[in-house]
Amino acid sequence: MKRQENYSLLGHNTFGMDVQTTLFVEYDTVDELRTFLQSGELTRHERYIHIGSGSNLLFAGDYQGIVMHSAIRTIEVTEETDTHVLVRVGSGYVWDDFVNHCVMQGWAGVENLSAIPGEVGASAVQNIGAYGVEVKDVIVCVEAMALDGNTRVFAKEECSYGYRDSIFKRELRGAYIVTHVTYRLEKTPTYRLDYGDLRSRVEAHGEPTLKAVRDAVTEIRNNKLPDPKILGNAGSFFTNPVIPRAKYEALKTQYPNIPSYPISEELVKVPAGWLIENAGWKGKALGRAAVHEKQALVLVNLGGATGHEVMTLAERICEDIYTMYGIRITPEVNYV
Ligand code: EPU
């Protein structure tokens, strides 16, 4: 187990904030995590958070407390039939390495989720999604440890999955630490290519393959989303708002090009990126924080920005969006 006091989190957040934590703890096994939790050290500090690779976090400043991180990086097939495999993966396994592994093995289900930053544990907390797929579609169960060291297995149905949402972000926030996730992958792919121009990109190379989907998704993402190693960011900064259809129809008379995705008879989802771009924010900077020039849903650190600068920019955008469209957009990124 790694244990360091006054530790810089620069390498643990993709926004590139050089902040410190009082104590950083990284465990390699479930037993190490249990021993740490039962030591009582957690309660001796003001607060604690558990992070993945810090790709969905914004630190306002130094963190007075314990930052925990999983280095459980096991991967094992727990069931295999003619049609599918169940794969149990440690929470610290890098998400995209897992996707790559599946594609190489010919296991289908996560190829649309290629090139998403982050780790396996966070995939199950955040219900990551992209290009028509959410990780809940392939999750079988989630193993987690309570703060007293007891473990519990949550069947997918018990995780209350929603759009970028789960029980681990709500009722059980901070109460459990995810240690393993079991995914079900299929041996015969069902390709999901109906998002944007994914189909034309994949079919340009002939019959779809898992590798072709992975490559196309990676290319789309690389074209639009800034590389955090070059420009600090945390992917989509806001979630896409879901609004009543009647409100959408009213907005459409004023903004005929406003895109939407149907959610139900009464509700539609509107891309926040469009709202922000149409409000004139794309590419704009406020201090050292800016709206990405290729994807208005992404806020970037131009270099040396503080968490407060990014939050101020986000607030200004939210206010403008509300004034213009009467829609409240909310951050997807977690403020710490
Ligand atoms: N759009 C604009 N201007 C922009 C950005 C987007 O007009 O600057 C419009 C696009 O033209 C398109 C629509 O908005 O009509 C959707 O854009 P895009 O396909 O880029 O997806 P998104 O809604 O902005 C969501 C997810 C992404 C995910 C993509 C692809 C959320 C909050 N974001 O973004 O997830 O990769 O769809 O499925 O749901 C993330 O969560 O961090 C993330 C990157």
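Atoms within a ligand are numbered from 1 in the order they appear, just like the ligands themselves. Heavy-atom basis, side chains included; hydrogens, waters and symmetry copies ignored.
- The side-chain hydrogen bond (donor to acceptor under 3.5 Å, both in side chains) contacts involving residues 188-199 comprise Asp194-Arg199, Asp197-Arg201, Arg199-Glu203, where partners must be two or more places apart or lie in separate chains.
- Annotation: side-chain hydrogen bond (donor to acceptor under 3.5 Å, both in side chains) contacts involving residues 112-121, sequence neighbours excluded, comprise His69-Glu119, Ser114-Arg214.
- For residues 220-237, the set of pairs meeting the side-chain hydrogen bond (donor to acceptor under 3.5 Å, both in side chains) definition, not counting sequence neighbours, is empty.
- Separation of the Tyr93 and His101 ring centroids does not fall under the 6.0 Å cut-off.
- Not less than 6.0 angstrom separates the ring centroid of Tyr335 from the ring centroid of Phe59.
- Checked against the 6.0 Å centroid threshold, Phe238 and Trp274 do not count as a close aromatic pair.
- The residues lining ligand 1, counting any heavy atom closer than 4.0 Å, are Gly129, Ala130, Tyr131, Tyr163, Arg164, Tyr195, Arg221, Lys224, Gly235, Ser236, Phe238, Thr239, Asn240, Tyr261, Pro271, Gly273, Trp274, Glu277, Lys282, Gln295, Ala296, Leu297, Glu332.
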